[in-house]
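Everything on this sheet refers to the single structure shown next.
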2 protein chains.
Amino acid sequence: MIATDLPESRTGSRGRRRSFDMDEAVETAMRLFHARGYDAVGVAELGAELGIKPPSFYAAFGSKAGLFERALRRYASGEANIFARAQAEGGGVAEVIERTLLLAAQLYPERNGVAGCLVLDGARNSADPEACALAEVMRKAGVAAIRDFIAGEAPERADALADFVAIAMKGMSAAARDGADEAALTVVAQMAGRAFRRELAEG
Amino acid sequence: MIATDLPESRTGSRGRRRSFDMDEAVETAMRLFHARGYDAVGVAELGAELGIKPPSFYAAFGSKAGLFERALRRYASGEANIFARAQAEGGGVAEVIERTLLLAAQLYPERNGVAGCLVLDGARNSADPEACALAEVMRKAGVAAIRDFIAGEAPERADALADFVAIAMKGMSAAARDGADEAALTVVAQMAGRAFRRELAEG
DNA sequence: GCAAATCTGTAGCGATCACTATATTTTCTC
DNA sequence: GAGAAAATATAGTGATCGCTACAGATTTGC
């Protein structure tokens, strides 16, 4: 989705140097999109926060959706990828899923105006089909990773169990964006984790 | 929030008759807001769907947010108030909550472009503080009703249990808006219902 | 009939939306 | 230094946003 002739694929070394740090810019945009959602953050505001004018913005990112895609990728490759973090600590399916949900309960509550999950809620209700599609791809990739992992122990029911985990995370993300604190989310994470463990064992 | 000098408080009978049906207009607006969210539906589109021009729109509803409030009220007073419907059938707390969640699993999946809960997700990520506040009031009222009902059997843990129910419903609404079907939502509703019942009994 | 009251259509308000045409500045290769 | 390449600033594009001034149409009370 990122055009191949954008800055990161720079071949020649000639030309004026960029006056701002693209990583910092993506980080800032990620925070803004996360806090208020894709549509509610305008290019004018992004430019002001980044300290750049529109032509620099479009030369660097191609479009608002292009910057959103970079923000999504940055988000998913960092600490927000709670399933990867839970999986890295090892253990069986139930243990990893319980750990994932508890990590969500820690990560999702509001901090500095940011709450919930950017991938799950960043493009929610957006009028821009491109932003919605970008978020959907990331969502589906995340659920697919969880499903494949669950399939190692319960191949027949992996789809339904992964759907359950996804819905629990969507609920926690939405609740966090509505103001839920870590205590409330932890209760849900524990209850959902136990429900998952029982469903996995009993099926 | 509805100004007292709006049409429903008409005292005199003089003046030109309204050329459209306000109930139908609110119903149409409700459907549009529900399908795409508050910000994604513009006044121009509402006017076109309703077959009225801006001055008629503002004379009747005061503002876009005024129409949204009417849509929310209409929504909450109809079949979408699944907790009231579940409660009306009687039974204990666990039974009513389980029924509520199953009703959500039936109601939330996409039908004619509409999915999830208007109150929970209609103003999600909206840039309009008024729309957000209106939805928040309705959300809190719904959770309060559930909490008060649960308090009849578990006064100490009513808050946490009601939070759990709210988060489950938010997850189901968000998932439905992402395309989840009744089967997926029913699995979650059953698991969440069982988790709720156990938590209620064991606490 | 006439005035008050109410709604409707025409037309357009200022603000913001994402985005861009153009020219200038900077930096490299040669 | 010449020329190519890339990023910049100035300024503004058309479209859409929610909303409104104004005059005409319609219906009532008197």
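So that the names make sense, note that chain A is the first sequence line, chain B the second, and so on, each numbered from 1.
- Contacts classified as side-chain hydrogen bond (donor to acceptor under 3.5 Å, both in side chains) and involving residues 187-196 of chain B (residues at least two apart or in different chains) are given here: A/E199-B/R194.
- Between A/R85 and A/E89, none of the side-chain N atoms (NZ, or NE/NH1/NH2) sits under 4.0 Å from a carboxylate O, so this pair counts as no salt bridge.
- Contacts of A/D39 classified as salt bridge (Lys or Arg N to Asp or Glu O under 4.0 Å), with partners at least two apart in sequence or in another chain: none.
- OP1 or OP2 of D/dT8 sits under 4.0 Å from a side-chain N or O of A/S56.
- Atom-to-atom, CG of B/L67 to C1' of D/dC19 comes out at 14 Å; the value is rounded to the nearest Å.
- Note on B/S19: every side-chain N or O is 4.0 Å or more away from OP1 and OP2 of C/dC7.
- With A/F20 as the aromatic partner, A/R18 meets the cation-pi criteria of under 6.0 angstrom to the ring centre and within 45 degrees of the ring axis.
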Protein-nucleic acid N or O pairs under 3.5 Å, nucleotides 26-30 of chain C:
residue	atom	partner	partner atom	Å
C/dT26	O2	A/R16	N	3.1
C/dT27	O4'	A/G15	O	3.4
C/dT27	O2	A/G15	N	3.2
C/dC28	OP1	A/R17	NH2	3.3
C/dC28	O3'	A/S13	OG	2.9
C/dT29	OP1	A/S13	OG	3.2

Per-nucleotide protein contact along nucleotides 10-20 of chain C, 5' to 3', at a 4.0 Å heavy-atom cut-off (B base, S sugar-phosphate only, - neither), is BB-----SSBB
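- Not counting sequence neighbours, B/R31 has no partner by the salt bridge (Lys or Arg N to Asp or Glu O under 4.0 Å) test.
- Rounded to whole angstrom, the span from the CG atom of A/D21 across to the C1' atom of D/dA7 amounts to 15 Å.
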Under the criterion side-chain contact (heavy atoms from CB on, under 4.5 Å), I'd like the reasoning laid out for A/E136 against B/D178: C-alpha separation, chi angles, the key distance, then a yes or no.
CA-CA 8 Å; A/E136 185 181 15; B/D178 291 341; over 6 Å; no
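- Partners of A/F68 by ring-ring contact (aromatic ring centres under 6.0 Å, His included), not counting sequence neighbours, listed by chain and number: A/F33, A/Y38.
- In this structure, A/F61 places its CZ atom 13 Å from C1' of D/dA7, rounding to the nearest Å.
- Side chains of A/I97 and A/I146 form a contact here, defined as non-hydrogen atoms less than 4.5 Å apart.
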